[in-house]
Amino acid sequence: MPPSPDTYQAIYAVIARIPEGSVATYGQVAVPGRARLVGYALSALAGRSAIPWHRVVNAQGRISPRSCGSDAGLEQRLRLEHEGISFDASGRIPLERFLWRPQFAEENQGYF
DNA sequence: GTGGTGACTGCCA
DNA sequence: ATGGCAGCCACCA
């Protein structure tokens, strides 16, 4: 399918491909240098969509500290643990185990 | 049209 | 290890 002219839609398309039990970083979803757009796009969702927004974490494997309210962060962690993703004592996800590794370039062509 | 803002990342001290 | 700075782009007032 052709790339969406709508940047947000392209980002959502990539996130929607993240399989259950895996996580992806903002930089992985977006072109390096444009990771902010991903976070901004997700903030627009605010959990009112079918997009698995909780599978997106920052480059350090942590729940991104949102601008206000930590409730969403707690919910994200619960959802990830429910999918079998574990956190270490520091509250980080071991990316070497759970990071999404797309096998085909087409997997993320939506935004690249 | 202009400017401020943000769920980020990578580099450097 | 932590903390600061710059680059980045779309959205909204």
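Model, not experiment: these values are computed from the prediction. Values below: all heavy atoms of this structure, side chains included; hydrogens, waters and symmetry mates excluded. Here is how names work: the chains are called A, B, and so on, in the same order as the sequence lines, proteins then strands, and each is numbered from 1.
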Sidechain-backbone polar pair: A:Tyr40 side chain, A:Tyr8 backbone, donor-acceptor under 3.5 Å: no
Gap between atoms CZ and P, on A:Arg36 and B:dT9 respectively (whole Å): 10 Å
Out of C:dC11, B:dA7, C:dC9, whichever nucleotide has its closest atom nearest the side chain of A:Ser43: B:dA7
Whole-Å gap separating C1' (B:dG10) and CD (A:Gln28): 16 Å
Interatomic distance, A:Arg66 CZ vs B:dC8 P [rounded to whole Å]: 9 Å
Proximity to the side chain of A:Asn58 - top-ranked nucleotide from C:dC8, B:dT9, B:dA7: B:dT9
Atom pair CD/CD of A:Glu20 and A:Glu83 - distance to nearest 0.5 Å: 4.5 Å
For DNA chain B, the dot-bracket pattern of Watson-Crick and G-U pairs whose distances stay under 3.5 Å, | for other-strand partners: .|||||.||||||
Toward the 5' end of DNA chain C, by each residue's nearest nucleotide, A:Gly33 or A:Tyr8: A:Gly33
Euclidean distance, A:Gln60 CD relative to A:Thr25 OG1, rounded to 0.5 Å: 11.0 Å
Spacing between A:Gln60 atom CD and C:dG3 atom P, to the nearest angstrom: 11 Å
Proximity to the side chain of A:Ala59 - top-ranked nucleotide from B:dG10, B:dC8, C:dA10: B:dG10
Nearest-Å distance for atom pair CZ/C1', residues A:Arg77 and B:dA7: 17 Å
Side chain to side chain, A:Gln76 and A:Val57, heavy atoms closer than 4.5 Å: yes
Separation of atom CG in A:Leu45 from atom C1' in C:dA10, rounded to whole Å: 14 Å
Separation of atom CG in A:Leu37 from atom C1' in B:dT5, rounded to whole Å: 13 Å
Atom-to-atom span, CD of A:Gln9 to C1' of C:dA10 - whole angstrom: 14 Å
With sequence neighbours excluded, residues passing salt bridge (charged side-chain N to carboxylate O under 4.0 Å, His left out) with A:Arg97: none
Most 5' of A:Ala35 and A:Tyr40 on DNA chain C, judged by nearest nucleotide: A:Ala35
Any A:Tyr26 side-chain heavy atom under 4.5 Å of A:Val56 side chain: yes
Ion pair check, A:Glu81 and A:Arg77, cut-off under 4.0 Å: yes
Nearest listed nucleotide, side chain of A:Ser64, among B:dT9, C:dC11, B:dC8: B:dC8
